[in-house]
There are 2 protein chains.
Amino acid sequence: MSTRSEIIKIADELIREKGFNAFSFYDISKALGIKNASVHYHFPTKNDLGIAVVNEYLAKLEEMMADSADKEPTERINVYLSIYTSTKAEGRICLVGSLASDLQTVDPELKVYLKQLVDKILNWVTDILADGQARGVFAFSVVPRTKALMIITNMLASLQLTRLTDEQDFETIKQTIIKDITK
Amino acid sequence: MSTRSEIIKIADELIREKGFNAFSFYDISKALGIKNASVHYHFPTKNDLGIAVVNEYLAKLEEMMADSADKEPTERINVYLSIYTSTKAEGRICLVGSLASDLQTVDPELKVYLKQLVDKILNWVTDILADGQARGVFAFSVVPRTKALMIITNMLASLQLTRLTDEQDFETIKQTIIKDITK
DNA sequence: ATGTACCTACCAAGTAGTAGATAGACAAAT
DNA sequence: ATTTGTCTATCTACTACTTGGTAGGTACAT
């Protein structure tokens with residue numbers, strides 16, 4: 001893997017572990033065994049690095065959506081939910097939740113890309129739900145976009161909250177979501 | 001108001017606006033027109049200040065619970081939800097959400113108090129829901145504690161997310177919660 | 001010889017936190 | 001009634017450290 005990719009990977013992990021304002025270029029250089037100036041060579045500013053991380057997510061999400069596009073809604077929603085299961089296993093929170101918390105401290109340019117990421121996720125989940133409803137495998141009493149908002153907020157905050165309540169609560173929330181939409 | 005109380009108030013606002021790691025003692029001293037050493041006089045360390053903010057919430061919550069204890073479940077859940085409505089109006093996020101995001105960077109002592117706050121909120125909402133269910137005004141198909149988790153995660157994350165989607169989405173989420181539990 | 005990816009060595013700014021002085025309020029001792 | 005001592009809340013002035021970021025050099029592959 002290229003140094004550039006490794007920097008993005010480590011930055012992503014650090015953002016989701018400590019937050020955007022709590023990691024430094026030194027943290028990354030230390031993890032990679034290079035000097036902080038070398039990190040700046042690949043990403044001149046912290047904002048540049050943040051944008052690269054978000055863009056990586058945009059690309060990965062695009063890929064995920066394409067890969068699961070012709071699958072059943074039930075499986076597609078599981079693909080979505082499983083993202084959080086892996087994140088939970090890491091003991092970290094999700095990128096959107098982390099950056100959304102630090103929103104007022106990040107560069108407006110980064111905000112634009114983050115907004116795109118949120119839109120893309122929201123549209124994806126909305127599509128899955130609408131598809132499931134149309135095929136008669138899902139049932140819910142609000143418009144798909146609203147149901148998507150409910151599910152996304154459940155998952156996003158469950159990662160943050162269940163580090164403070166029962167660790168088992170994450171799985172409870174996830175199963176409740178599945179049961180709730182399944183006809 | 002005493003300087004001590006004012007420091008706590010400003011710290012709370014800053015934590016919910018920028019995050020625990022993005023505000024400084026200087027920010028507070030500037031806002032109050034005093035020197036940073038004077039802030040340290042009242043709160044020797046940032047950890048002390050963070051704990052004072054969380055304790056302030058514990059006390060306020062206690063008061064709120066007592067004040068609404070003999071009211072109808074419908075009104076009590078509205079009291080709970082209205083906390084987030086005010087926070088949304090401020091353009092800030094909730095304290096729990098902010099500190100939960102920065103969890104790995106704060107002192108273990110602060111974590112303990114934060115855990116107490118989350119427990120208290122979770123128990124409060126669980127009680128309201130169980131009471132409403134017993135009185136036949138609420139209906140839901142999971143145990144009250146799980147439903148409380150769903151609602152709390154919805155509200156917590158809605159503050160974070162709706163700064164990136166539609167501003168109107170916050171109200172949509174709130175109304176969906178009310179409609180969902182009302183029999 | 002040109003570009004890539006790293007290095008050494010630095011800087012200015014901001015951070016949490018400390019030492020020690022000062023000024024006023026209040027109470028006890030003279 | 002005045003002095004003395006103590007407490008509170010502030011100040012000036014500082015320290016040690018970390019931060020994001022830069023200038024300029026080097027090794028190496030194409």
Side-chain angles (χ1 to χ4, degrees), chain A residues 1-54 56 98-99 101-111 113-114, chain B residues 1-54 56 98-99 101-111 113-114:
Chain A
M1 190 162 33
S2 69
T3 303
R4 195 194 139 89
S5 303
E6 287 197 278
I7 292 172
I8 292 174
K9 189 190 153 209
I10 293 167
D12 168 43
E13 289 169 357
L14 287 170
I15 292 171
R16 291 184 298 107
E17 191 173 317
K18 309 169 68 179
F20 191 75
N21 293 305
F23 86 93
S24 69
F25 274 64
Y26 174 70
D27 290 332
I28 294 176
S29 68
K30 193 177 51 182
L32 276 173
I34 59 176
K35 299 296 161 180
N36 100 86
S38 306
V39 183
H40 277 284
Y41 167 77
H42 293 281
F43 303 98
T45 70
K46 205 178 183 182
N47 184 47
D48 293 326
L49 177 52
I51 288 172
V53 171
V54 174
E56 185 78 12
S98 178
L99 290 178
S101 295
D102 295 340
L103 198 67
Q104 308 299 345
T105 71
V106 305
D107 199 291
E109 200 189 353
L110 178 49
K111 249 191 237 190
Y113 288 95
L114 186 59
Chain B
M1 193 167 25
S2 70
T3 302
R4 196 194 138 90
S5 304
E6 286 196 279
I7 292 171
I8 291 174
K9 189 190 152 209
I10 293 167
D12 168 44
E13 289 169 356
L14 287 170
I15 291 170
R16 291 185 297 106
E17 191 172 316
K18 309 169 67 178
F20 192 74
N21 294 306
F23 86 93
S24 69
F25 275 64
Y26 175 69
D27 290 332
I28 292 176
S29 69
K30 192 177 49 180
L32 276 173
I34 58 177
K35 299 295 161 179
N36 99 85
S38 307
V39 183
H40 277 284
Y41 167 77
H42 292 282
F43 302 98
T45 70
K46 206 176 182 182
N47 184 47
D48 293 326
L49 178 52
I51 288 173
V53 171
V54 174
E56 186 78 10
S98 178
L99 291 178
S101 296
D102 294 340
L103 199 67
Q104 308 299 345
T105 71
V106 305
D107 199 290
E109 201 190 352
L110 178 49
K111 249 192 238 191
Y113 288 95
L114 187 60

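Reckoned from all heavy atoms, side chains included, excluding hydrogens, waters and symmetry mates.
- Residue A:Phe43 contributes atom CZ, which lies 13 Å from atom P of D:dG21 at whole-angstrom precision.
- Judged by distance alone, with hydrogens and angles left aside, the side-chain atoms of A:Asp107 form no donor-acceptor pair with the main-chain N or O of A:Asn47 at under 3.5 Å.
- Contact between the side-chain N/O atoms of A:Lys35 and the OP1/OP2 oxygens of C:dC7 is not found at any separation under 4.0 Å.
- In B:Lys111, the NZ atom is crowded: over 12 heavy atoms of neighbouring residues, nucleotides or ligands sit closer than 6.0 Å.
- Side-chain contact check for A:Leu103 versus A:Leu114: some heavy-atom pair is nearer than 4.5 Å.
- Taking the ring centre of A:Tyr41 as origin, the terminal cationic atom of A:Lys35 falls outside the region bounded by 6.0 Å and 45° from the ring axis.
- With rounding to whole Å, A:Asp107 atom CG is found 14 Å from D:dG20 atom P.
- Taking only side-chain nitrogens and oxygens, A:Thr3 comes nearer than 4.0 Å to OP1 or OP2 of C:dC6.
- Nucleotide C:dC6 holds its P atom 14 Å from the CD1 atom of A:Ile28, rounded to whole Å.
- In this structure, CG of B:Leu32 is placed 10 Å from P of D:dC11, rounded to the nearest angstrom.
- Side-chain N/O atoms of B:Tyr41 include one lying less than 4.0 angstrom from OP1 or OP2 on D:dA9.
- Per the geometry, OH belonging to B:Tyr26 stands 13 Å off P belonging to D:dC11, to the nearest Å.
- To the nearest angstrom, P of C:dG14 lies 16 Å from CG of B:Leu14.
- With D:dA23, C:dA19, C:dA16 as the choices, the nucleotide that has an atom nearest any side-chain atom of B:Ala37 turns out to be C:dA19.
- Side-chain contact between B:Glu13 and B:Lys18: absent, with no pair of heavy atoms (C-beta onward) separated by less than 4.5 Å.
- Between A:His42 and the phosphate of C:dT4, there is no side-chain N or O to OP1/OP2 separation shorter than 4.0 Å.
- Going from atom CG of B:Asp27 over to atom P of C:dG17 covers 14 Å, rounded to whole Å.
- B:His40 places its NE2 atom 5 Å from the C1' atom of C:dG17, with the value rounded to the nearest Å.
- Both B:Arg4 and B:Asn36 lie close to DNA chain D; mapped to their nearest nucleotides by heavy-atom distance, the more 5′-ward contact belongs to B:Arg4.
- Each of A:Ile34 and B:Phe25 lies near DNA chain C, and the nucleotide nearest A:Ile34 is the one positioned closer to the 5' end.
- Residues A:Lys46 and B:Ser38 each lie close to DNA chain D; by heavy-atom proximity, the contact nearer the 5' end of the strand is made by B:Ser38.
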